[in-house]
Each structure stands twice: as structure tokens, then as C-alpha cells.
S.K.: 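Here it is, the structure in full.
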Amino acid sequence: MFFLASNLRRGRLVLCSFIALLPLIALPTMAATPLACGSYTEVDGSARFVIESPSHAIRTYEGQPPVRYQIRQQAQVLHVADLSNGFSDDYTVSADGKRIGSKFADYVLDTPARCTTAPTPAAGSCRADIDHCITSAGNASTQQLAQWCREDLPFACERLISAYQSQARAQQPATPDPELEEPDVCKPASPQFDEAACDVAAREALGIAMAKALLGGLTEGAAVPLAGAPLSELLQLCRTHPDASFCNKVAETHWDAGHYASAGEALQLACKAGGDDYTCRRAQGVAAAPAADLATVAATTLPCGDYQASMGLMSELSFGDQGLVSIGMGSALRARLENGAVHIRHDKGGDFVLKPQRNGGLLGVDQWNRYALYQRTGGAATCSAPTVYVELPLPQDCPIGSDAQACCDSGKLAGCNAMGHRNALAGDWQAAAPYYLKLCQAGVRAGCENLRSVYENTGDEDLPGKLLSLCNRDGKRTHVACDVYATTNWALLGLGMQLQRASDEIEAGDAADTPPVKAPAHPRKSTHK
């Protein structure tokens, strides 16, 4: 019995020891299958993800430039670094290596291909530590970005453009908005400094900024042209490392700087590198014009007659008497001469800007009509001179943080402007109208233009008549209300307002007809994770 018991105990010890050793035994493991090279199609057919090698891939969307990636597979995770846009992400690889996906997309292999061999990144290069390179690009110097761009990394090339533009913008004289300037109560060195009053002023400034954005009064403004050296460097980088998106932006910087021929070259390189159809059409349009036709001259008079372009926001322009420009559908804008260019004021802030060509055409140089070449097609041969309207700048006679209503009551127009903005921002356009009317009566253009916004949101039929009455008040028809009245398509604004009201009524009716959802007798546990 002792022998049997001893052997049983020894057997249990051996068994336990064997079980304990099981984790240490080298058993076969499930190794991740390497991702197959070839073309993977998104399940909805919208895109293709092409694995070219174990370290490189591209993704293509119809009508968009290709996106390039540096990839690295670790087990079932595919780490992708977006070389075009500068960010990283992770995809999941299926067990058979023929499917990759993330929470946003799912790709299935449909065309296998032989993997190409990609060179190993040089030590110390951006590609050797791509994730760190991407995260540090925002603080990199222009010299470092240029070096990374030479490694054929489009995100660094585009960041280089942004860095040069920031430098150029910093060298420009500041032109702050008088209505949004820092008040004395917020300046610690000022005798009027008051922290509580500064908080009130900050809220007031925020309201003004939001109201201006609502009324279309805050615009990005014209791009700051780059100097010669950065322009030459960027064009050379586009030539040696062509990327559709990067070369497209290089073209914009050259066009904004008045280097129209080199902008056309960059556009063609963007098209050849996989640019979309729109980019290629613009490239063809600029390339079709001889270099001599791209030369511009200073404008001394406004154009007269009809002009047409194959691209640009406005394909047709008809210049008539007093600087009126017909743009179709009964709409007209007003043109003026400024700094040797033709400026056309539109109703959302800012200007369309055209420069005369030596051949008699017009070149679009603003961000809406960039690359547009307008050729004269006929129309009026002579036009009367433009009217010079009498305008009053908005006086800054009611500092931010003051009682705006009290300012307005005492005749201070800045207070009336602030009260109009407050009501417009709150959605009470009807209450805003009297304040904007006071500004318009005084000859402040913004007041008259904001009355147009009131009409657009209320359909108040009295407002066009009030503007016309102001226009006729002095008999000379030089009040700024005349310009706003003549360049407003009141019928189109009214139709838009009526359509919006009808849509709102339909939505309200649908909501009223929808039976309420009966609440369950007992609360259910949420299944959302």
C-alpha cells in the first residue's frame, strides 16, 4: 500500500510538472500572413488601395489625385503613414492577407500582383522615422521641410508652402478690424484696465465677429504673394518631385504672384501626376494661351462689352454703363478701378479682381476666378463712366464693452451697428432693421448691405423702397444706397426666402403628422458600447 501510494503521489507530481512545463514547450504559433501585393477594391467600389511593395502603397479615388502611403505590417496590423497629407493610421489585416480594413473603409484583394522592391530608407532620413517626422512637421524649419520634400514626401512639400506663406504674411503691415481691436480695459498697462470689464468686452467682440460672419463681412482676403526665391524653389521641387496636390498649390502661389506662365507649367505637372479633370482642364486652358497673352497691363478705364471664359466662378461678364456688370439671371454687380486692376464687389464681402491683358482680354486673379482668361465677345462699344458714391466709414465712437444701446440713442453709429448685430445674431432680423437703417441713412455701406440681409431673411417689402428713397433723397443719386439698391436682385432674394419658408412649413407639417413614439413600459439596458 505504501508503494502504491508513493507511486500515485509521484505520478501526480510528474503530471503536475508536465502541465507546468506546457507553456514552455515550443509549440507552433499562428504567424500573421504577409499582406499580398496587388489591387484591393473598397467594398462599395469608391476607391482602390494598391499595395506596391511591403513598404509602399497608394490609394485612388475617382476624380481625385492619388494618395501615397508608407506602410509597415506587424502581425495583423498594417500601419500606414499618409505621405500626401501627413498623418498615420492603422488597418487590420485578415488572416489570409487578402483583406484590409478600418472603421472607415474595407478593401478586398481582387487583382494580385508581384511585389516590387523598395529601397531601404537612409539612416537619419524622414522616411526612416516617418511617424516622428509627420508629428514634428508643424514646427520644422523651412530648410528641414525642403530637405524632406526632396525625399519625395508631398506632405512636407505642402507644409513648406504654408511656412513660406506664414513668413510673407508676418512681413505685411497689420490691418486689424477696428471693431475687434483690443479695448483699453483689456490692456494691463492701461489706466482703464479692468478684468471684469474686459470679460464683458471679450463677449461683445465675439458677438460682433459671429454677426459679421453671419452677414458675410469676414473674408479671408487676398493671398500674400511670395517672393522670387521661394517661388523658384517651389517650382523646382514640383519639377523634380511632381505630386498632383503639391504642384497644384505651387501653381496657385505663382499665379497669385503674377507669374502666370510658370503657374501654367505647374498646373501641367499637377495634371500629369494624376490631377483631377478640373485641374487638367485649367492646365489646358492656360497652356493654350501664348505667353505674350498672359502679360497684363495696368487698367486705366473699366472694360465695356461682353466677356467670356471657359473656367472661373463666372463664365460670362457683361460690362455696361456706370460700372454695372451683368452676371446673368437678372443679377448685377458694380465694378471699379483700384490699384490698376478691375475690382467687382460682390455681396459676401471681398472683390472679384481682374487684370487687363495686352491682347484686350481679362485675367482672373482672385481666388474665385483664378486661371480664368476672359476674351471679349462683343456687346456695347462705349459705356458711361462709373458713378462715384458718397460713403462714410463706420466711426469707432462706441468702444467694445460700452452700452451699445445708449451709444446708439446718443447718435453714435458704432452702437447702432452693435445693436443690429446683436439682434441679427439672435435671429431677430426685424428688430435689427432699424439699427441698420440708421447706418445706411448716414451713408455707411455696411448698413445698407445689412438691410439687404434683413430682406433676405424676412421678406420685408418696405426695405427696397426705403433704400430707393434714400437714393433719391439728394437728387444726385450718389448715396451709397443707390449702389446697393441697383446691385441687389430683390426678386431672387424674395424667391429664396419664400422657398425656405415653404420648406420649413413642410418640415413642420411632417413633424406634426408623425405619431409620437410610445415609451417602453420598462427601461431597456443600452446595447451601445
Side-chain angles (χ1 to χ4, degrees), residues 222-223 225 228 231 235 248 251-268 270-271 278-347 350-389 483 486-487:
L231 285 174
L235 182 58
N248 205 334
E252 292 179 0
T253 63
H254 278 256
W255 194 271
D256 293 340
H259 297 197
Y260 306 121
S262 54
E265 179 188 350
L267 273 178
Q268 293 182 60
C271 176
Y278 184 56
T279 296
C280 292
R281 287 199 304 271
R282 292 188 298 182
Q284 293 168 2
V286 177
D293 288 352
L294 294 176
T296 59
V297 296
T300 56
T301 60
L302 288 178
C304 184
D306 301 334
Y307 289 77
Q308 189 170 2
S310 60
M311 63 193 74
L313 180 63
M314 303 175 297
S315 59
E316 296 182 357
L317 298 171
S318 182
F319 292 86
D321 291 334
Q322 298 181 326
L324 275 179
V325 185
S326 174
I327 59 174
M329 296 184 65
S331 296
L333 304 174
R334 187 81 66 180
R336 69 186 189 280
L337 291 179
E338 187 174 311
N339 298 325
V342 179
H343 285 246
I344 304 175
R345 181 182 284 111
H346 53 81
D347 62 355
D351 294 330
F352 301 129
V353 185
L354 309 171
K355 288 188 176 181
Q357 299 171 265
R358 293 189 186 277
N359 66 357
L362 296 170
L363 207 63
V365 297
D366 60 88
Q367 60 180 329
W368 295 276
N369 298 290
R370 191 183 280 130
Y371 311 124
L373 285 75
Y374 293 90
Q375 300 301 318
R376 198 176 191 283
T377 58
T382 59
C383 300
S384 62
T387 302
V388 178
Y389 294 100
D483 190 22
T487 56

S.K.: Drop me the distance from Asp366's CG to Leu354's CG, to the nearest 0.5 angstrom.
M.R.: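 Going from CG on Asp366 over to CG on Leu354, the span is 7.0 Å.
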
S.K.: Looking at residues at least two apart in the chain, or sitting in another chain, which of them share a side-chain hydrogen bond (donor to acceptor under 3.5 Å, both in side chains) with Tyr260?
M.R.: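 Not a single residue meets the side-chain hydrogen bond (donor to acceptor under 3.5 Å, both in side chains) criterion with Tyr260.
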
S.K.: What closest approach, in Å, do Tyr374 and Ser315 show between heavy atoms, and which atom pair accounts for it?
M.R.: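 Answer, listing the atom of Tyr374 first, then Ser315: CE2-O, 4.1 Å.
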
S.K.: Less than 4.5 Å apart, any side-chain heavy atom of Val325 and any of Met314?
M.R.: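 No, every pair of side-chain atoms sits at 4.5 Å or beyond.
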
S.K.: Enumerate the residue pairs fulfilling salt bridge (charged side-chain N to carboxylate O under 4.0 Å, His left out) with a member in residues 293-321, sequence neighbours excluded, ordered by first and then second residue.
M.R.: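 Not a single pair qualifies under salt bridge (charged side-chain N to carboxylate O under 4.0 Å, His left out).
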
S.K.: When you compare the side chain of Trp255 with that of Val286, does any pair of heavy atoms fall below 4.5 Å?
M.R.: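 Side-chain contact under 4.5 Å: yes.
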
S.K.: Is the closest side-chain heavy-atom distance between Gln357 and Gln375 below 4.5 Å?
M.R.: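 They are in side-chain contact.
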
S.K.: Determine whether Val353 and Val342 satisfy the following criterion, side chain to side chain contact (heavy atoms under 4.5 Å, CB included), listing intermediate values before the conclusion.
M.R.: CA-CA 6 Å; Val353 185; Val342 179; over 6 Å; no

S.K.: According to side-chain hydrogen bond (donor to acceptor under 3.5 Å, both in side chains), does anything in residues 295-305 pair up with another residue at least two apart or in another chain? List the pairs.
M.R.: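 Passing the test, one end in residues 295-305: no pairs.
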
S.K.: Looking at Ala486 and Arg334, what are the two nearest heavy atoms and their distance?
M.R.: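 Scanning both residues, the minimum pair turns out to be CB-NH2, 3.7 Å.
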
S.K.: Testing the basics here: between Pro356 and Ala299, what is the closest heavy-atom pair and its distance to 0.1 Å?
M.R.: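 Where Pro356 meets Ala299 most closely, the heavy atoms are CG-CB, 3.5 Å.
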
S.K.: Is there a side-chain contact between Val365 and Asn369 (heavy atoms, below 4.5 Å)?
M.R.: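 Counting from C-beta outward, Val365 and Asn369 never come under 4.5 Å.
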
S.K.: Please round to the nearest 0.5 Å and tell me the distance separating atom OH of Tyr371 and atom CZ of Arg282.
M.R.: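 Going from the OH atom of Tyr371 to the CZ atom of Arg282 covers 5.5 Å.
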
S.K.: Partners of Arg358 by salt bridge (Lys or Arg N to Asp or Glu O under 4.0 Å), sequence neighbours excluded?
M.R.: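 Expected list: none.
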
S.K.: Can you name the residues that form a side-chain contact (heavy atoms from CB on, under 4.5 Å) with Ser331, not counting sequence neighbours?
M.R.: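 Applying side-chain contact (heavy atoms from CB on, under 4.5 Å) to Ser331 gives Ile327, Asn489, Leu492.
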
S.K.: Nearest 0.5 angstrom please: Leu363 CG to Arg370 CZ, how far?
M.R.: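 That separation rounds to 11.5 Å.
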
S.K.: In terms of the angle between their ring planes, are His346 and Phe352 parallel, tilted or perpendicular, with boundaries placed at 30° and 60°?
M.R.: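 Ring orientation, 0 to 90° scale: tilted.
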
S.K.: Atom CG in Leu373, atom CG in Leu294: separation rounded to 0.5 Å?
M.R.: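 It comes to 6.0 Å.
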
S.K.: Going by the disulfide (SG to SG under 2.5 Å) test, which pairs reach into residues 279-316, not counting sequence neighbours?
M.R.: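 Every disulfide (SG to SG under 2.5 Å) pair that includes a residue of residues 279-316, provided the two are not neighbours, is Cys271-Cys280, Cys304-Cys383.
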
S.K.: Return each pair, listed once, that meets disulfide (SG to SG under 2.5 Å) where at least one residue sits in residues 307-345; pairs must be two or more places apart or across chains.
M.R.: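 Residue pairs with at least one partner in residues 307-345: there are none.
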
S.K.: Mind checking salt bridge (Lys or Arg N to Asp or Glu O under 4.0 Å) for Glu338 and listing every partner two or more places apart, or none if nothing turns up?
M.R.: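 So Glu338 forms a salt bridge (Lys or Arg N to Asp or Glu O under 4.0 Å) with Arg336.
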
S.K.: Restricting to side-chain hydrogen bond (donor to acceptor under 3.5 Å, both in side chains), what partner residues turn up for Thr279, sequence neighbours left out?
M.R.: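 Asn248, Asp276.
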
S.K.: List for me each residue that meets side-chain hydrogen bond (donor to acceptor under 3.5 Å, both in side chains) alongside Glu265, sequence neighbours excluded, and say none if there are none.
M.R.: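 Checked Glu265 against side-chain hydrogen bond (donor to acceptor under 3.5 Å, both in side chains); matches are Arg239.
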
S.K.: Given side chains that start at C-beta, do those of Leu302 and Leu337 come closer than 4.5 Å, heavy atoms only?
M.R.: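 Contact flag for Leu302/Leu337 side chains = yes.
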
S.K.: Shortest non-hydrogen contact from His254 to Ser262?
M.R.: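 Answer, listing the atom of His254 first, then Ser262: ND1-OG, 2.7 Å.
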
S.K.: Can you confirm whether Pro386 sits close enough to Gln322 that some side-chain heavy atom of one is under 4.5 Å from a side-chain heavy atom of the other?
M.R.: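 Pro386 does not reach Gln322 side chain to side chain.
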
S.K.: For a 4.5 angstrom cut-off between non-hydrogen side-chain atoms, does Leu362 reach Pro303?
M.R.: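 Result yes, sub-4.5 Å side-chain heavy-atom pair found.
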
S.K.: So, for Pro225 and Ala257, which heavy atoms are closest and what is the spacing to 0.1 Å?
M.R.: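 Result for this residue pair: CB-CA, 4.0 Å.
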
S.K.: What distance separates Leu317 CG from Gln308 CD, expressed to the nearest 0.5 Å?
M.R.: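 Here the interatomic distance stands at 10.0 Å.
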
S.K.: Using side-chain hydrogen bond (donor to acceptor under 3.5 Å, both in side chains) as the criterion, list what pairs up with Ser326, not counting sequence neighbours.
M.R.: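 side-chain hydrogen bond (donor to acceptor under 3.5 Å, both in side chains) list for Ser326, sorted by chain: empty.
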
S.K.: Scan residues 299-344 for pairs that pass ring-ring contact (aromatic ring centres under 6.0 Å, His included), counting only residues two or more places apart or in two chains.
M.R.: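 Counting only pairs at least two positions apart or across chains, the ring-ring contact (aromatic ring centres under 6.0 Å, His included) contacts touching residues 299-344 are Tyr307-Phe319.
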
